[in-house]
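In what follows, a structure is listed as structure tokens, so that the remarks can point back to it.
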Amino acid sequence: MDLQLLKVAHKCLDFFFDRPLQEKQRVQRKLGDHCGYASSFTNRFSSKLPWKETLSFRYCDDGQQALNIVESYFLDAMGEDFRESGKVLQKYSEAMSSLSLKIMELLGTSLGVKAKHFREFFTRNDSIMRLNYYPPCQKPDLTLGTGPHTDPTSLTILHQDHVGGLEVYVNGKWHSVPPNPEAFVVNIGDTFMALSNGIYKSCLHRAIVNSRTPRKSIAFFLCPKMDKVVSPPEELVSFDNPRMFPDFTWSELLEFTQIHYRSDMKTLDAFAKWLIHQRDDQKTAA
Ligand SMILES: C=C1C[C@]23C[C@H]1CC[C@H]2[C@]1(C)CCC[C@@](C)(C(=O)O)[C@H]1[C@@H]3C(=O)O
Ligand SMILES: O=C(O)CCC(=O)C(=O)O
Ligand SMILES: [Fe+2]
């Protein structure tokens, strides 16, 4: 990824969040939907108030080529002023998707499965891009930009700006991830933890805020197609390492996080219990 594209993508983030609230709310996120504008002032977060505004949108790759879904979203949803932003963020998303597939090859090799196994699983993907804007907070210790959670998605490629605020929970302590505007932070999500039968663990992280400077980050969440069944390759299941999670589709987990459960540090365990309960109910009803 060339650094110029990174810089311009952050300018697009600033351009959106600088708009008046009324204009941002033209793409207000609806309950149950993962796309659109959300903030502490909207019902999405009424339960736990994170100190941030977010804009989330889909990126789709059908395997042969990227669909121009990002470009169209900005133009159709936000109008002519956002045509350039749509083009830039489309390019940024395509670069993230291609980087994700290369990382999937490395993860496959590291697990002793074919390098192409996970790459092929995600070649067609229906991923999520998210722009995060964290305003300064007068009492930063009384809130959080994003509470402790693991990403329910498969792989996250995050770019944080120079301000810093991302923390990961390791060995019983929160550790700051020093900002490096020329680097990405890559973390494993719950879906890849299930795909690796628990060998890779999803990473518990959070974002803190400060009283002086706005902080921004851009997250690319790699997700398989909605109907793709998440099931580990047989090489990763053995007597010593039995199945940790039931088979599920990404669409089932996404629905769970959007309608039934706000992602936190126990999302996948809560989801597995909920799913088994749902399936038992369906069997009883049948
Ligand atoms: C599938 C998703 C749900 C969230 C956005 C993507 C991946 C990360 C998830 C999230 C950021 C985890 C923390 C809680 C959350 C509610 C948030 O702070 O935005 C989560 C996102 C969401 O449900 O909107
Ligand atoms: O802004 C950050 O540094 C982290 C954001 C995050 O964890 C998320 O959006 O899932
Ligand atoms: Fe996250």
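Counting from 1, the numbers follow the sequence of the chain as shown. In each ligand, atom 1 is the first atom listed, and ligand 1 is the first ligand listed. Side-chain atoms are counted along with the backbone in the values below, which use heavy atoms only and exclude waters and symmetry mates.
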For ligand 1, which is the ligand I care about here, please tell me if H149 has any N or O atom under 3.5 Å from one of the ligand's N or O atoms. no
Taking the ring of F57 and the ring of F74, is the distance between their centroids below 6.0 Å? yes
So is there a nitrogen or oxygen of T257 less than 3.5 Å from a nitrogen or oxygen in ligand 1? no
Measure from the ring center of F15 to the ring center of F82 and say whether it is less than 6.0 Å. yes
Please indicate how many protein N/O/S atoms are found closer than 2.8 Å to the Fe ion (ligand 3), with waters neither displayed nor included. 3
Less than 3.5 Å apart, any donor N or O on the side chain of R29 or Q258 sitting next to an acceptor on the other? yes
Over 60° means perpendicular and under 30° means parallel, so classify the ring planes of H159 and F184, tilted if in between. perpendicular
Taking all heavy atoms of T153 and all of C223, pick out the closest pair and write down the distance. CG2-SG, 3.5 Å
For the NE2 atom of H205 and the OH atom of Y169, what is their distance to the nearest 0.5 Å? 15.5 Å
N/O contact list for ligand 2, threshold under 3.5 Å:
residue, atom, partner, partner atom, Å
ligand 2, 1 (O), Y134, OH, 2.7
ligand 2, 1 (O), R215, NH1, 3.2
ligand 2, 1 (O), S217, OG, 2.7
ligand 2, 3 (O), R215, NH1, 3.3
ligand 2, 3 (O), R215, NH2, 2.6
ligand 2, 7 (O), H149, NE2, 3.2
ligand 2, 7 (O), H205, NE2, 3.0
ligand 2, 9 (O), N132, ND2, 3.3
ligand 2, 10 (O), H149, NE2, 3.2
ligand 2, 10 (O), D151, OD1, 3.2

Below 6.0 angstrom between ring centroids: does that apply to W274 and Y261? no
So if I count the atoms of ligand 1 from 1 in the order they appear, which ones are less than 4.0 Å from some heavy atom of R29? 22 (C), 23 (O), 24 (O)
Can you sort out which atoms of ligand 1 are near T146, meaning under 4.0 Å from one of its heavy atoms? 18 (O)
Out of curiosity, is H34 lining ligand 1, as in a heavy atom under 4.0 Å away? no
Return the CG to NZ distance between D14 and K216, rounded to the nearest 0.5 Å. 3.5 Å
So, the side chain of S97 versus the backbone of S93: is there a donor-acceptor pair under 3.5 Å, distance only? no
Out of the candidates N132, T54, D161, only one should pair with S217 under the side-chain hydrogen bond (donor to acceptor under 3.5 Å, both in side chains) rule; please name it. N132
NZ or CZ of K228 within 45° of F121 ring axis and under 6.0 Å: yes
Option of least heavy-atom distance to atom 3 (C) of ligand 1 (set: R206, H205, Q258): Q258
Assess D151 for proximity to ligand 1: is some non-hydrogen atom of it under 4.0 Å away? yes
Is the F192 ring parallel, tilted or perpendicular to the F118 ring (thresholds 30°, 60°)? perpendicular
Is there a side-chain contact (heavy atoms from CB on, under 4.5 Å) between T146 and W51? Walk through the geometry before answering. CA-CA 7 Å; T146 299; W51 200 265; over 6 Å; no
